[in-house]
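These values consider heavy atoms only, across backbone and side chains, with no hydrogens, waters or symmetry-generated copies. Counting convention: from 1, in listed order, for ligands and their atoms alike. Residue numbers count from 1 along this sequence.
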Amino acid sequence: MTFEPTLDFARQLDAQDPLRGFRQQFLIPPGPDGQGECLYFCGNSLGLQPRTARAAAEVQFENWQNLAVEGHFKGDTPWMPFHERLQGPSARVVGAKPHEVVVMNNLTTNLHLLLISFYQPTATRYKVLMEGGAFPSDQYALETQVKLRGFAPDDAIVELEPRPGEHTLRTEDIVAKIAELGDSLCTIIMGGLNYYTGQVFDMEAITRAGHAAGALVGFDLAHAAGNVPLQLHDWDVDFACWCSYKYLNSGPGGVAGAYVHERFAERPELLRLAGWWGHDEEERFQMKKGFKPMHGAAGWQLSNGTVLSMAVHEAALKIHDEAGGMPALRRKSELLTGYLEFFIRRLNLPKERLEIITPQDPAQRGCQLSILVHQGGRDLFEHLMAVGVIGDWREPNVIRLAPTPLYNTFEDVFRVGEVLTEWAK
Ligand SMILES: *Cc1c(COP(=O)(O)O)cnc(C)c1O
C-alpha cells in the first residue's frame with residue numbers, strides 16, 4: 001500500500017477497517033491534561049482494560065458471596081474446572097490443541113516449571129541456547145536452572161549474538177549455531193519475539209534444527225501471544241509459555257499460559273514439580289500418596305486456579321476471538337505498523353541519530369517498532385509522554401511503540417507521526 005501522511009488518508013483507512021468497532025470495547029486512559037484520550041502505544045507492555053473485564057470479575061465476586069466454598073462445584077462457572085474454559089481460546093491464540101495448553105501461575109513461574117521437565121542435562125548434553133539480551137527474567141531463570149543442575153552458567157548457557165553492525169539475528173546463523181552445538185545441546189529456549197528489538201524468530205526452522213540436533217525446543221511467547229500468528233503444534237514446538245497482560249489484555253500480573261506438545265501428554269514419568277491441581281482429577285480429592293499427573297499440559301498445574309484473574313482473561317480472550325483471531329488482527333497489524341514505520345522513515349534522519357532496529361520484513365515483526373535513538377533519546381521519550389503518546393523506554397536508548405490492532409486506529413498513528421515530525425524539525 002502507498003501511504004499518505006494526511007489525516008484524511010488515516011481516517012479513510014479507519015473507515016475501511018473491519019476491526020474499527022473493537023476500540024469501543026476498551027477503556028482508553030485520558031490524555032496528559034486529563035482530557036480526551038491518550039495515544040496508547042504500549043500494548044506490548046500492558047494491554048488496555050476491556051470494558052467486559054470488571055463485570056467478568058464481578059460475577060465471580062458474586063459467586064464467592066453467594067456460594068462460598070460451593071462455588072468450586074456449583075454455579076454457571078464452577079471454579080474447580082475453571083481452567084478448562086480457557087483451554088480452547090488459548091489454544092487458538094498459540095496454534096495448539098486444547099489439551100496442549102493450560103492457563104496457570106505467572107510467566108516466569110511457568111518457565112521454571114517447564115524447564116524442570118525440558119532442561120534435563122546429562123554430563124555431555126547440557127548446553128542451553130538462548131538469544132543474547134533476552135528479557136532479564138528469562139536470563140535469571142536460565143542461570144538458576146543451570147546452577148540447579150550443577151552446571152556453570154558461563155559454560156552451559158550459549159547466547160546468540162547478531163553479526164557485527166547488525167541488530168537482529170539471522171535464521172541461518174541460529175541454525176548454524178544449533179548444528180555446531182550438536183550433541184552438547186540439551187535445550188533451546190528463546191523469545192518467540194524479542195522484547196527489545198521486536199524481531200520475530202523463525203520458530204519452525206529453529207524447532208526443526210533443534211530436533212535434528214537431538215535437543216528440545218521451547219519459546220517464551222510473552223510478546224508473541226496475541227501479536228503474531230503462532231502454530232506451535234504444527235511447528236512441533238516442545239514447550240512454551242506466555243503472559244496474558246501484554247497483547248492479551250488480561251490485566252496487570254494476570255494469569256499466564258503454558259503449552260506442552262501432545263507427545264508428552266501421556267508421559268507421567270516425565271520429571272516435573274507437582275502439586276495437587278496437576279493430579280488426576282478423578283482422584284484429586286482422595287488425597288492419596290503418589291502423584292499421578294493429569295493428561296496433557298494440565299498435568300503441570302500446581303495450585304487451584306486464580307479464578308478472578310482467569311475470569312478477566314476469559315473475557316479478554318473472547319474479544320480476541322470475536323475479532324476473528326490472529327488472521328484478522330494480523331492483517332490490520334501489518335498495515336498499522338507499516339503506517340507508523342512510514343512516518344518514522346519520512347523523518348529522514350541519519351542512522352547515526354535514529355534508526356528502527358525492528359526488521360523491515362513484516363514476517364519478522366509484530367506490532368512493535370523499536371526505535372534506537374542515538375542522541376537525545378530520553379528527551380524524545382519524555383516529550384512523547386508529555387504530549388500524551390504512551391510508549392516505553394528501554395535502557396540504554398530504545399523507544400518502543402506498539403500500535404495494536406484491537407484498539408489503535410490509523411488516526412492514532414497519524415497523530416504520533418505528527419508529533420515525531422514536529423520533533424525532528
Ligand atoms: C514481559 C516478560 C516477562 C515478564 O515475566 P512475568 O513473570 O510475567 O513477570 C518475562 N519474559 C519476557 C520475554 C517478557 O517479555
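- You'll find the side chain of L129 reaches within 4.5 Å of the side chain of I178, heavy atoms only.
- Classified by interplanar angle (parallel below 30°, tilted 30° to 60°, perpendicular above 60°), the ring pair Y339/F3 is tilted.
- Scanning the protein heavy atoms around atom 3 (C) of ligand 1, the nearest turns out to be F135 CE2, 3.3 Å.
- Close approach to T108 involves these atoms of ligand 1, each under 4.0 Å from a residue heavy atom: 5 (O), 6 (P), 7 (O).
- Within ligand 1, counting atoms from 1 as listed, the ones closer than 4.0 Å to a heavy atom of H223 are 15 (O).
- Interface of D138 with ligand 1, defined as ligand atoms under 4.0 Å from a residue heavy atom, comprises 10 (C), 11 (N), 12 (C), 13 (C).
- Contacts of T109 with ligand 1, taken as heavy-atom pairs under 4.0 Å, are absent altogether.
- Remark: ligand 1 and D220 share an N or O pair separated by less than 3.5 Å (distance only, no angle test).
- Relative ring orientation between F118 and W300 is described as parallel, the plane-to-plane angle staying below 30° on a 0-90° scale split at 30° and 60°.
- Between E269 and R267, at least one side-chain nitrogen of the basic residue sits less than 4.0 Å from a carboxylate oxygen of the acidic one, meeting the salt-bridge criterion.
- Distances below 4.0 Å separate heavy atoms of Y245 from the following atoms of ligand 1: 1 (C), 4 (C), 5 (O), 6 (P), 8 (O), 9 (O).
- In terms of N/O distances under 3.5 Å, ligand 1 is not approached by Y195.
- Residues T77 and M310 are not in side-chain contact: their nearest non-hydrogen atoms beyond the backbone lie 4.5 Å or more apart.
- Of all atoms in ligand 1, numbered sequentially from 1 with element shown, those under 4.0 Å from a heavy atom of A222 are 2 (C), 12 (C), 13 (C), 14 (C), 15 (O).
- Aromatic ring orientation, H233 versus H261: parallel (interplanar angle below 30°, classes split at 30° and 60°).
- Distances between N or O atoms of N106 and those of ligand 1 include no value under 3.5 Å.
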Please report the C-alpha distance between T108 and S137 in whole Å, then the side-chain angles of each, then the deciding distance to 0.1 Å, and finally whether the side-chain hydrogen bond (donor to acceptor under 3.5 Å, both in side chains) criterion is met. CA-CA 7 Å; T108 308; S137 201; 2.7 Å; yes
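- Close approach of ligand 1 to K246 (heavy-atom distance below 4.0 Å) involves ligand atoms 1 (C), 2 (C), 3 (C), 14 (C), 15 (O).
- Annotation: R20, atom CZ; neighbour count of heavy atoms from other residues, nucleotides and ligands within 6.0 Å is above 12.
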